[in-house]
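Before anything else, here's the structure in question.
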There are 2 protein chains.
Amino acid sequence: MSDVARTAGVSVATVSKVVNGRYGVAQATVERVQQVIHELGYEASLGAQSLRSHRTNVLGILVAEFEPFSTELLKGASREVAGSGYQLLAYSSGDGEGAAIGWERRSLARLSGTLIDGAVIVTPTVIETKQGFHVVAVDPHTGPSGLPTVDSDNFAGAVLATNYLLSLGHRRIGHISGRPDLESARLREAGFRKAMADADVAVDERIVRVGGFRTESAAGTAAALLSLPDRPTAIFAGNDLSAISTMDVARSMGLTVPDDLSVIGFDNVPESALVNPPLTTIMQPLQRMGAEALRLLIDLIAGVERDTHIRLPTELVVRASCRPYR
Amino acid sequence: MSDVARTAGVSVATVSKVVNGRYGVAQATVERVQQVIHELGYEASLGAQSLRSHRTNVLGILVAEFEPFSTELLKGASREVAGSGYQLLAYSSGDGEGAAIGWERRSLARLSGTLIDGAVIVTPTVIETKQGFHVVAVDPHTGPSGLPTVDSDNFAGAVLATNYLLSLGHRRIGHISGRPDLESARLREAGFRKAMADADVAVDERIVRVGGFRTESAAGTAAALLSLPDRPTAIFAGNDLSAISTMDVARSMGLTVPDDLSVIGFDNVPESALVNPPLTTIMQPLQRMGAEALRLLIDLIAGVERDTHIRLPTELVVRASCRPYR
DNA sequence: ATCGGTATCGATAACGTTTTCGAGTCACTC
DNA sequence: GAGTGACTCGAAAACGTTATCGATACCGAT
């Protein structure tokens, strides 16, 4: 900036005023300075700017890692931010495996006082919101709490999945649930039980087990379920990862999907369409969730009065991993 | 930070030393300060930190938008950054459509003096590298120039695609090329011509036309090609978007793919597996490109001597959009 | 000739850090 | 008991920007 000032023959203060379009600079000076800025390719330093003015027109989206789930959200957010006058900054603390819990608090502390005007946090655990700074949570571990939240209807989606299996004639339906500390996992299990109850089908507790939402842990659970003497004819997995893992295990045990076993997942990650057979699953509108979260954040900053909890509908996506019983 | 200093009964200078593990602080003091830091949940402000020290342990990845191409790169980069001691910050200028060219220069200027220690830039056009600051380009418009670069073997991939169509017996093969200002598009066309020449098949210039890599423009080109009296029996599209667009146009003209027309794409974006029929295409290892770019950047910063141009192999992915001629 | 008002600009403090360097304390040595 | 060195700590400057406020110049009016 001082380069620009020197070249244009003015002070840095004047350059700053020109950059920010403040009143009190002669028209001729404005043009001259802008010319020099253009020539030198000057661009304000984000760091210094925010340090002083606490306003950057940059919104943050904080994720533990850039995996399929969060990158889909990112796409949606990116589409929404275009033309809003904001820029988007995605930040990952990069501690592999999200090993260090509390990443969301630390990242937020690092970026909030400075750098960004507001943030979308993906699947946060604990969240104490510093006041005067706006935060939107997407799919938080604990379900909608005090924070403005965007999530999808996990309960209804689980009912959808279970009813689909029931409609195919399955009665002996197993469930591989997610991590018990996650609200979404609890809701999916609850939806499963509700649908079973409504259909007057008793749930056999021996075929409802924790799979933990991860490939390896789900594989263990699937193997246990499938080696029972009266194994389930269909399995509702808590997420697509678990479902895919279940199909692998089934194959390795000599079972073919969907002939010997129907499997349905949850999430509709891109991979679910690529596996063999393509996975029937419940879609969460991830991109739309990202877009809604960003819109909500922008509105909050602008002071718009609105509903601060958005729940988006889930949908059944029928592919080829389920088949009528018998 | 001054809060921490006051609570711990020391000066901010001492706190800074503790945070950065500098020598010259008594063991007892270190422990007391760390205790207070933990209690107050203090985290250094990225902005102020970089402003002063020009070292943040944060690497940037600059993209025009978060679309499938760049988010795949991002996944790869994210995996690579884990455990490296760096954090990852993805930045998008957010001018929809990349309308404003020069976004890469402006974003870089905004973040480089401060905030990030180095950057990966995705599909940049012009790039003047400020010295003392490390930049890696992924798939640059102009091909490998002075900058350290990661790209995939577009030429060999195009040869692969063309040879596949030839091996199916097609002779009348059309090509919908990309934007002429992109090196990758030029290389793909060149590969196409090379393969045709090697097979002693003449290229009919009327069925080689610019499609521009975008859905709408490619649709126009496809429509023109397919309404020729002697339309091609197979089309090699410059990228998957163009290929998908071509299939749509073919369908709307009453042609079925692959029976009446074979189509092959390039990129292997996730969407290509989801369309009907699933698209046969050439895979670029996007995630691996992201990972390689990040590794290269880290090495450059560390001063490791190494090759600064990485070209990754492409691969044929056979799905269902091509069929033998006759 | 003086004054008030307006338009324009620049000096300067502040934002939250890091780094340098000098000052203070203490134990030891001669 | 004074000098020496090692160890610990804090004052202050600097990074690049923005906001405040006072300085200057010029104009027209009294």
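The sequence lines fix the lettering, A, B, ..., with proteins before strands; numbering per chain opens at 1.
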Problem set entry | Salt bridge present between B/Lys75 and B/Glu72 (N-O < 4.0 angstrom) | yes
For this session: Answer yes if the side chains of A/Gln87 and B/Ser92 hold a donor-acceptor pair under 3.5 Å, and no otherwise.
Result: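 Judged by distance alone, the side chains do not pair up.
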Exercise. Going by heavy atoms in the side chains, are B/Val138 and B/Ile121 under 4.5 Å from each other?
Worked result: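 SC-SC contact between B/Val138 and B/Ile121 ruled out.
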Output a table of donor-acceptor pairs, distance under 3.5 Å, between side-chain atoms of residues 19-31 of chain A and any protein atom two or more places apart or on a different chain; print 'none' if there are none.
| residue | atom | partner | partner atom | Å |
| --- | --- | --- | --- | --- |
| A/Arg22 | NH1 | A/Asn20 | O | 3.2 |
| A/Gln27 | NE2 | A/Glu31 | OE2 | 3.2 |

Exercise. Can you check whether A/Arg22 has a side-chain N or O nearer than 4.0 Å to OP1 or OP2 of D/dA19?
Worked result: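 For D/dA19, OP1/OP2 do have a side-chain N/O of A/Arg22 under 4.0 Å.
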For this session: Rounded to the nearest angstrom, tell me the gap between atom CG in A/Leu115 and atom P in C/dG16.
Result: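 That distance rounds to 13 Å.
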Exercise. Hey, is the main chain of A/Pro140 close enough, under 3.5 Å, to the side chain of A/Thr149 for a donor-acceptor pair?
Worked result: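 A pair under 3.5 Å: no.
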Exercise. Can A/Asp139 and A/Thr123 be counted as having a side-chain donor-acceptor contact under 3.5 angstrom?
Worked result: no
Problem set entry | Under 4.0 Å protein heavy-atom contacts per nucleotide of nucleotides 5-16 of chain D, with B for base, S for backbone only and - for none | --SSBBB-BBBB
Exercise. Rounding to a whole Å, what distance do you find between A/Asn57:CG and D/dT17:P?
Worked result: 16 Å
Seminar exercise, completed: From CG of A/Leu46 across to C1' of D/dT18 the rounded distance in Å is 14 Å
Problem set entry | Salt bridge flag under 4.0 Å for residues B/Arg110 and A/Glu43 |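 Salt bridge between B/Arg110 and A/Glu43, a charged N being under 4.0 Å from a carboxylate O: no.
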Exercise. After noting the C-alpha distance and the side-chain angles of A/Val63 and A/Tyr91, does the key distance pass the side-chain contact (heavy atoms from CB on, under 4.5 Å) rule?
Worked result: CA-CA 6 Å; A/Val63 304; A/Tyr91 184 81; over 6 Å; no
Please tabulate the protein-to-nucleotide N/O contacts below 3.5 Å involving nucleotides 22-28 of chain D, giving atom names and distances.
none

Problem set entry | Separation of C/dT17 P from B/Glu43 CD (nearest whole Å) |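 So the two atoms are 10 Å apart, to the nearest Å.
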Problem set entry | Length of the line joining A/Glu31:CD and C/dT8:P, which is rounded to integer Å |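 So the CD-P distance, A/Glu31 to C/dT8, works out to 13 Å.
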